[in-house]
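Working notes for the structure below.
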Amino acid sequence: MNTLLEDAQAAGASVGLTADRITINGGKPLVGRIELKGAKNLVTKAMVASLLGETPSELRSVPEISDVRVVKGLLEVHGVKVSSVGADTLMLDPSNVESAHFEVIDAYAGSSRIPILFCGPLLHRLGEAFIPDLGGCRIGDRPIDFHLESLRRFGAVVDKQPQGIRLTAPNGLKGAKIELAYPSVGATEQVLLTAVRAEGTTELRGAAVEPEIMDLINILQKMGAIISVDTDRVIRIEGVERLEGYKHTALFDRNEAASWAAAALATNGDIFVGGARQSEMLTFLNVFRKVGGAFEIQDDGIRFFHPGGKLKPVIIETDVHPGFMTDWQQPLVVALTKAEGVSIVHETVYEQRFGFTDALVDMGAQIQLHRECLGGAECRFGQRNFNHSAVIVGPTELHAADVVVPDLRGGFSHLIAALSADGASTVSNVGIIARGYENFIEKLRALGADFVLEA
Ligand code: EPU
């Protein structure tokens, strides 16, 4: 596996960011307007879905982030022609997918979790698939057992080899009854992308129902799939013989929206996040308001601002949708260091998503991590010795420090911390942030941040 620095450099370079470090003169409010594009966690899957079509697909509102580059590279290795039309539209033409160049897949996989989602589409198209060692943020063990078990239920044969996993489907793929032990986003997408072309009906119980999954279902339906979603996490898919390409504008990135909202709050700022919508962010908006943040919902976006006064502590438990998303927790924790009193964040989705708090403590925050499930129900990690609850005692004034980005969302929280701290902080490995935040350097500039980039 690559080092964190190598991952950061590769991710940054792929979107033209040559700097490894940013020195931020903090203590100034972020004020202004930024525009969102499509959600990283939808766009990358939508690109994979194009493999299932017999005709080209057109995906709009694609952000310029390195995870998109990684998936583009992987699709091209498999013979999909990917071309850009205008600023943010991709044409994905799968008509020449005949065989995969397995020997080069590894080089393209980068630090991404997406290759696992190629399995179903490739098994349908080619009868085989090869999945290299998976990357992604270092925020927990991140097993793929649900994925492999689901694929076996469809009839795939899974062969684990030293270089990766080889899959074949000697008897084709057939609809199956599948129940997930936990509503995994990726495993739900795996089942959807496989079931739509499998013979017969698939019933998925315990499915994740994140808005990004609903948008993937929208795309698959446009392609010709038959999918129904019940209110009790049950998804039924009737397999069809042929799917066409799609035309689709990707759902906005609500994780990025929440990140800028947290940045506005922590820096006493005022940011209009163009493209953000209320309905996919209800849970975030409730918490934002409880902490003391203010927002105004407009037709073309949401204004997030610090209305003055003291911030208040909250108790949050991260959860699958419609709960409070795990990806929102890291940026918001920075604002919680400024709230008057004791906040608790119980992380129930990933067992190790508090690594980023070490840097905040170095900057003067009072944060203690606990193995117990604090502030809510017992979760899967309760008896397993993971520091997955954080107690944040505020208010604390953050002071400048030199910090190293550990993962995507943790990295953004380090940026926020540096922006809100007095003095000059250096944040290293910023390329990691380019995995999921489009043009974040230009956006910081537009919001009036005072910083210098260093190679
Ligand atoms: N899990 C298993 N076995 C599996 C799959 C998942 O035990 O086979 C566990 C995971 O270890 C984790 C939990 O289930 O504890 C949830 O994982 P999930 O599969 O839902 O996550 P994912 O699909 O790998 C996506 C996003 C994450 C986001 C989560 C939760 C993408 C590319 N990634 O990950 O996004 O946090 O869903 O919503 O869509 C990010 O954007 O920074 C990010 C990490």
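Whatever order the structure lists ligands and atoms in, that order sets their numbers, starting from 1. Position 1 is the first residue of the sequence, and the numbers go up from there.
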Going by the closest heavy atom to [atom], which one wins out of [options]?
atom                    : options                        : answer
atom 36 (O) of ligand 1 : Val43, Leu408, Asp327          : Asp327
atom 25 (C) of ligand 1 : Val185, Asp319, Thr348         : Val185
atom 17 (O) of ligand 1 : Tyr350, Trp328, Phe146, Phe381 : Tyr350

Atoms of ligand 1 less than 4.0 Å from [X] heavy atoms?
X      : value
Gly186 : 19 (O), 23 (O)
Asn41  : 26 (C), 27 (C), 31 (C), 32 (C), 33 (N), 35 (O), 39 (O), 41 (O)
Lys40  : 40 (C), 41 (O)
Val349 : 12 (C), 13 (C), 15 (O), 16 (C)
Tyr182 : 13 (C), 14 (O), 16 (C)
Met325 : 38 (O)
His147 : 8 (O)

Consider every N or O of [X] and every N or O of ligand 1, then say whether any pair is closer than 3.5 Å.
X      : answer
Ser184 : yes
Asn255 : no
Glu351 : no

Tell me whether [X] contacts the main-chain N or O of [Y] through its side chain, where contact means a donor paired with an acceptor under 3.5 Å.
X      : Y      : answer
Thr3   : Glu6   : yes
Tyr246 : Ala46  : yes
Lys222 : Asn218 : no
Asp215 : Leu251 : yes

Hey, is [X] one of the residues with a heavy atom under 4.0 angstrom from ligand 1?
X      : answer
Arg353 : yes
Arg380 : yes
Pro143 : yes
Lys45  : yes

Could you check whether atom CZ of Arg21 has more than 12 heavy atoms from other residues, nucleotides or ligands sitting under 6.0 Å from it?
no

In this structure, are over 12 heavy atoms from other groups packed under 6.0 Å from Arg125 atom CZ?
yes

Among Tyr437, Phe356, Trp328, the one residue meeting ring pair (Phe, Tyr, Trp, His ring centres under 6.0 Å) with Phe412:
Tyr437

Identify which one of Glu280, Glu210, Glu212 satisfies the salt bridge (Lys or Arg N to Asp or Glu O under 4.0 Å) criterion when paired with Arg254.
Glu212

Just by distance, no angles: are the side chains of Glu347 and Gln352 close enough, under 3.5 Å, to form a donor-acceptor pair?
no

Less than 4.0 Å between a side-chain N and a carboxylate O, is that true for Asp300 and Arg277?
no

Does the ring center of Phe146 lie less than 6.0 Å from the ring center of Tyr182?
no

